[in-house]
Amino acid sequence: MRGVEAEEKTSRLCFDTSTYWQGCTKQFLPEINSVFQVLDAVRHYHVPVDINQFGHSASRGD
């Protein structure tokens with residue numbers, strides 16, 4: 001993207017966890033939505049998500 005002005009924006013990722021938990025009797029979160037701001041659109045981002053049966057945690061990875 002050199003020479004192109006990149007803009008900051010809000011993005012959304014939706015993780016379908018229902019397939020992951022298929023067969024589990026204690027499925028609580030069939031999907032996880034993560035909304036985040038891209039502050040440097042030229043940079044490459046990773047969004048790792050840790051899940052368990054009753055919760056999740058997301059962070060910005062580099």
Side-chain angles (χ1 to χ4, degrees):
M1 294 186 84
R2 292 182 188 182
V4 176
E5 190 171 319
E7 63 184 62
E8 298 175 359
K9 66 178 187 173
T10 300
S11 295
R12 176 185 305 269
L13 289 175
C14 180
F15 298 93
D16 176 12
T17 58
S18 63
T19 304
Y20 180 81
W21 293 117
Q22 195 170 28
C24 180
T25 58
K26 295 183 179 180
Q27 178 179 336
F28 182 66
L29 297 170
E31 70 179 30
I32 297 170
N33 291 298
S34 183
V35 179
F36 56 94
Q37 290 184 327
V38 175
L39 301 176
D40 182 357
V42 180
R43 191 172 180 178
H44 185 85
Y45 289 94
H46 295 270
V47 183
V49 176
D50 293 321
I51 61 175
N52 62 45
Q53 289 178 331
F54 303 108
H56 71 280
S57 173
S59 62
R60 185 194 84 189
D62 291 322

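Counting all heavy atoms, side chain and backbone alike, Leu29 lies closest to His56 at CD1-ND1, 4.0 Å. Minimum heavy-atom separation, Phe15 to Val47: CZ-O, 4.0 Å. For Thr17 against Glu31, the heavy-atom pair with the smallest separation is OG1-N, 3.4 Å. Scanning both residues, Phe54 and Asn52, for their nearest heavy atoms gives N-OD1, 2.8 Å.
A single hydrophobic cluster is seen to contain both Tyr45 and Val49, as judged by linkage of ILVMFWY side chains at heavy-atom distances under 4.5 Å, directly or through other members. Ile32 is connected to Leu13 through a chain of hydrophobic side-chain contacts under 4.5 Å among Ile, Leu, Val, Met, Phe, Trp and Tyr, so both are in one cluster.
Shown here are the side-chain contact (heavy atoms from CB on, under 4.5 Å) partners of Gln22, two or more places apart in sequence or in another chain: Thr19. With sequence neighbours excluded, the residues satisfying side-chain contact (heavy atoms from CB on, under 4.5 Å) with Ser59 are Pro48.
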